[in-house]
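Notes to accompany the following structure.
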Amino acid sequence: MAAAPALPQATSAGHRFEFDVIVVGAGIIGSCAAHAAASRGARALLLERFDLLHHRGSSHGESRIIRDAYAKARYLPMVRLARRLWADAEAESGYRVLTPAPHLSMGPRGNATLVAAAGNAGAVEVDLARRWGGAFRVPDGWLTAVSERGGGVLRATKAVAMFQALAVRKGAAVRDNADVVSIEKAPEGGVVVKTSGGEEFRGAKCVVTVGAWASKLLRSVAGVELPIQPLHTLTLYWRIKPGREGDLTAKAGFPTFSSYGDPPVYGTPSLELPGLIKISCDGGPPCDPDGRDWVSGDREVTERVARWIEASMAGHVEAAGGPVIRQSCMCCMTPDGDFVMDFLGGDFGEDVVVGAGFSGHGFKMGPAVGRILAEMAIDGKADTAAEAGVELGHYRINRFDGNPMGNAKD
């Protein structure tokens, strides 16, 4: 990491601050928020607890899926906005992080979530025997529907690095190994962000995007209890059978896919690791981000995915020898599976904005969520969200007040 730049001075509401916006947490959401703030001309500081691009959170790895197939229609405007902003960032950086692909949704025809997701994506039913060399074999009566332009693969770590580089190009400062232990309301207005190393940064506003550490930090800072449970998850890469390697590539038009059966499986075309394909399973055991054993639940998940491959892709993917590569990750679940995007409130009012609980489907939304959080911090509202049709009322912290299930109460 290059030597930290001299801290600039910003003026807000008659007071002088080192920064207009301090973003805590440099995963995909925080990096996008810092870029969005800096693009507005704000003096932005992005702080990361660990090394930049570390593998201890939820934003690392080779790939993530982007898909339009959402059962909850409220996410459709957000994913459309995200696609536009991904394209804008690629144009600004001069390189690609998103490879388009079709998206295949499949599962029991009576699965209401699948039916809604396929319908919202405008997916069309297809005969899998006639697509992708017959790679998929599913039970009779399953719904198999494709959105031809509804999928895609995001190069995860490369994408985070891209937004950090673009933020710096716009004038943001980035510091890693800065473990934030306190966010305090400053007597003169704004906030003071303190690190375990004794550094203090003063800003007009703060955006908290610390992933699996959100509940711990916000409990310590403000006594706020967010019902966010980190899960230990596993990403698996399997060997493609000899002679089938070309059939399952993104170049050949192989899709990203989601299976709504048991287990709930997802996958991407062969792209980042030639000869291998990523096929994994949703969910995992609860974990403490500061006390992970890195192996809990791995055997169970691996066996479930192997059985699915043997039943559904046995002619193209080798399951008998187990996965070739295993990568650990974390997924930060809210009870209703919806994001948290809100002002912290209380003594902090609108000076602290929270983005958390992205529940395993936030990476693809990174540029959209980052833009929304930055606008909330700078303007006290999110015009981009309103213009795109994103209704922020679904993502408020107070949905859990007296109601532990939030939006899933019904």
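Sorted by first and then second residue, the pairs that involve residues 271-286 and meet side-chain hydrogen bond (donor to acceptor under 3.5 Å, both in side chains), not counting sequence neighbours, are S63-E272, S63-K278, Y237-E272. Among pairs with a residue in residues 309-354, those fulfilling ring pair (Phe, Tyr, Trp, His ring centres under 6.0 Å) read Y75-F339, F339-F358, F339-H361, at least two apart in sequence or across chains.
Using a cut-off of 4.0 Å between Lys/Arg side-chain N and Asp/Glu carboxylate O, R244 and E318 are scored as not salt-bridged. Salt bridge annotation for D342-R399: absent, with no cationic side-chain nitrogen under 4.0 angstrom from a carboxylate oxygen. Look at R49 and D176 and you find no salt bridge, because none of the NZ, NE, NH1 or NH2 atoms lies under 4.0 Å from a carboxylate O. Classification of E387 and R371 as a salt-bridged pair fails, no side-chain N sitting under 4.0 Å from a carboxylate O. Salt bridge annotation for D68-R80: absent, with no cationic side-chain nitrogen under 4.0 angstrom from a carboxylate oxygen. The residues D338 and R74 are annotated as salt-bridged, a charged nitrogen and a carboxylate oxygen being separated by less than 4.0 angstrom.
By the 4.5 Å heavy-atom criterion applied to side chains, W86 and L154 are counted as neighbours.
Summarising the local packing, CZ of R239 is surrounded by 12 or fewer heavy atoms from other residues, nucleotides or ligands at distances under 6.0 Å. Around CZ of R299, the count of heavy atoms belonging to other residues, nucleotides or ligands within 6.0 Å does not exceed 12. In D347, the CG atom is not crowded: 12 or fewer heavy atoms of neighbouring residues, nucleotides or ligands sit closer than 6.0 Å.
A donor and an acceptor atom, one from each side chain of H103 and S147, are nowhere located under 3.5 Å apart.
Residues passing the side chain to side chain contact (heavy atoms under 4.5 Å, CB included) test with P404: none are found, sequence neighbours excluded. Partners of S93 according to the side chain to side chain contact (heavy atoms under 4.5 Å, CB included) rule, which considers only residues two or more places apart in sequence or in another chain, are Y95, M162, L166. By the salt bridge (charged side-chain N to carboxylate O under 4.0 Å, His left out) test, E184 pairs with K194, sequence neighbours left out. For R130, the side chain to side chain contact (heavy atoms under 4.5 Å, CB included) partners at least two apart in sequence or on another chain are D127. Taking the salt bridge (charged side-chain N to carboxylate O under 4.0 Å, His left out) definition, one finds that E199 meets it with R175, sequence neighbours left out. With sequence neighbours excluded, no residue forms a side chain to side chain contact (heavy atoms under 4.5 Å, CB included) with S220. Checked against ring-ring contact (aromatic ring centres under 6.0 Å, His included), Y266 has no partners two or more places apart in sequence or in another chain. Residues passing the ring-ring contact (aromatic ring centres under 6.0 Å, His included) test with W238: none are found, sequence neighbours excluded. Not counting sequence neighbours, the partners of F257 by the ring-ring contact (aromatic ring centres under 6.0 Å, His included) test are F136, W308. For H54, the ring-ring contact (aromatic ring centres under 6.0 Å, His included) criterion is met by F50, not counting sequence neighbours.
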Subject >> Step-by-step side chain to side chain donor-acceptor pair (under 3.5 Å) determination, S359 to T334 >> reply: CA-CA 6 Å; S359 300; T334 59; 3.3 Å; yes
